[in-house]
Amino acid sequence: QVQLVESGGGLVQAGGSLRLSCAASGRTFGNYVMGWFRQAPGKEREFVGSISESGGYTFYGESMKGRSTISRDNAKSTGYLQMNSLEPEDTAVYYCAAGLRPTVETSLAQIRFRYWGQGTQVTVSS
C-alpha cells in the first residue's frame, strides 16, 4: 500500500508557474513509477506525464508537453510537477499516482497506476 498526498496547488495568473508536490508513504517509493494526471470539470481525466523509478526517464502527454517537468527525490519520497506558462485551460484538479512496472520491458506509457492521491486544485486566471 502506498499513500500519496499532493500539495502546492492554488490560484495563479495566466503565464505564471506552480510546482506541485506528491509526498508518498508506505512502501518504498523508489520501487514505483510515478505519474501525474489532471481532471477539469466536465472532462475526462488526462495524463500529464510520468517518471521512472530512479527518475532517469520521463514520459509526457500532449497536454502540457514543453511546459511541464516531472522530477522526484526518492530520499524524500516525494515527486514533483513543475508547470510553467500556465493557461486558463490548465485549470483542473491535479493528481499524482504510483504504479509498479510488471516487467522490465514495460514502458512508462504502459504503466497502470494503482495508487492515487486525493488531488490538489490548480486554478489559472486570465
Side-chain angles (χ1 to χ4, degrees):
Q1 190 84 2
V2 176
Q3 292 79 41
L4 303 170
V5 179
E6 302 94 337
S7 62
L11 176 64
V12 62
Q13 289 189 334
S17 299
L18 272 179
R19 187 176 82 154
L20 305 182
S21 299
C22 176
S25 61
R27 299 287 179 88
T28 303
F29 181 61
N31 291 343
Y32 291 81
V33 172
M34 192 190 74
W36 286 94
F37 295 78
R38 68 183 188 180
Q39 188 165 21
K43 295 188 177 181
E44 293 187 353
R45 186 175 62 197
E46 188 175 41
F47 174 73
V48 176
S50 59
I51 187 167
S52 64
E53 298 87 335
S54 66
Y57 296 94
T58 52
F59 173 64
Y60 293 93
E62 292 300 317
S63 61
M64 297 197 75
K65 187 178 287 186
R67 298 187 296 122
S68 63
T69 303
I70 295 174
S71 61
R72 66 191 295 165
D73 184 340
N74 287 344
K76 296 181 178 180
S77 296
T78 303
Y80 305 97
L81 173 63
Q82 175 70 41
M83 304 183 291
N84 302 317
S85 302
L86 286 164
E87 305 166 351
E89 293 73 25
D90 296 316
T91 295
V93 177
Y94 284 72
Y95 299 90
C96 66
L100 287 172
R101 195 189 300 257
T103 69
V104 294
E105 293 83 13
T106 304
S107 70
L108 289 180
Q110 297 171 309
I111 296 296
R112 292 191 177 187
F113 294 94
R114 179 176 181 182
Y115 302 103
W116 295 80
Q118 84 291 346
T120 185
Q121 176 70 45
V122 172
T123 302
V124 184
S125 63
S126 57

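Here the structure is a predicted model, which is why all the values come from computation and not from measurement.
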If you round to the nearest 0.5 Å, how far is CD of E44 from CZ of R38?
13.5 Å
Using every non-hydrogen atom in the two residues, find where S85 and S17 come nearest and quote the distance to one decimal.
N-OG, 4.3 Å
What I'd like to find out is whether the side chain of D90 reaches to under 4.5 Å of the side chain of R67, using heavy atoms alone.
yes
Hey, are the side chains of L100 and R114 touching, using non-hydrogen atoms and a 4.5 Å cut-off?
no
Is the shortest side-chain heavy-atom distance between M83 and L20 below 4.5 Å?
yes
To the nearest 0.5 angstrom, please state how far the CZ atom of F47 sits from the OH atom of Y60.
9.5 Å
If you count heavy atoms of other groups shown closer than 6.0 angstrom to NZ of K76, is the number above 12?
no
Should M34 and L4 count as side-chain neighbours, where that means a heavy-atom distance under 4.5 Å?
no
If we ignore hydrogens and angles and just use 3.5 Å, is the side chain of R101 paired with the main-chain N or O of T106 as donor and acceptor?
yes
Shortest non-hydrogen contact from F113 toward G35
CE2-N, 3.4 Å
Donor-acceptor pair, T91 side chain versus V124 backbone, under 3.5 Å?
yes
Can you measure from CE (M64) to CD (E87) and round to the nearest 0.5 angstrom?
8.0 Å
Would you confirm whether E6, through its side chain, and Q118, through its main-chain N or O, come within 3.5 Å as a donor-acceptor pair?
yes
Say whether, by atom type as modelled, one donor and one acceptor occur between the side chain of R72 and the main chain of V33 under 3.5 angstrom.
no
Between T69 and R19, is any pair of side-chain heavy atoms under 4.5 Å apart?
no
Where does the angle between the aromatic ring planes of W116 and Y95 fall among parallel (under 30°), tilted (30 to 60°) and perpendicular (over 60°)?
perpendicular
Find out whether S68 and L81 are in side-chain contact, i.e. whether some heavy atom of one side chain is under 4.5 Å from a heavy atom of the other.
yes
Measure the CZ-CZ distance between R45 and F37 for me, rounded to the nearest 0.5 Å.
6.0 Å
Applying a strict under-4.5 Å side-chain criterion to I, L, V, M, F, W and Y, I'd like to know whether L18 and V5 cluster together.
no
Nearest non-hydrogen partners of L108 and S50, listed with the distance
CB-OG, 3.7 Å
Mind checking the SG-OH spacing from C96 to Y80? Nearest 0.5 Å is all I need.
12.0 Å
Taking I70 as the starting point, is it possible to reach Y57 by hopping between hydrophobic residues whose side chains are less than 4.5 Å apart?
no
Give the minimum heavy-atom separation between V2 and A24, together with the two atoms involved.
CG1-CB, 4.4 Å
d(D73 CG, F29 CZ) to nearest 0.5 Å is 8.5 Å
If we only count heavy atoms from C-beta on, is the T120 to S7 side-chain gap below 4.5 Å?
no
N/O donor-acceptor pair under 3.5 Å between N74 side chain and E53 backbone:
yes
For the residue pair F59 and Q110, establish whether any side-chain heavy-atom pair is separated by less than 4.5 Å.
no
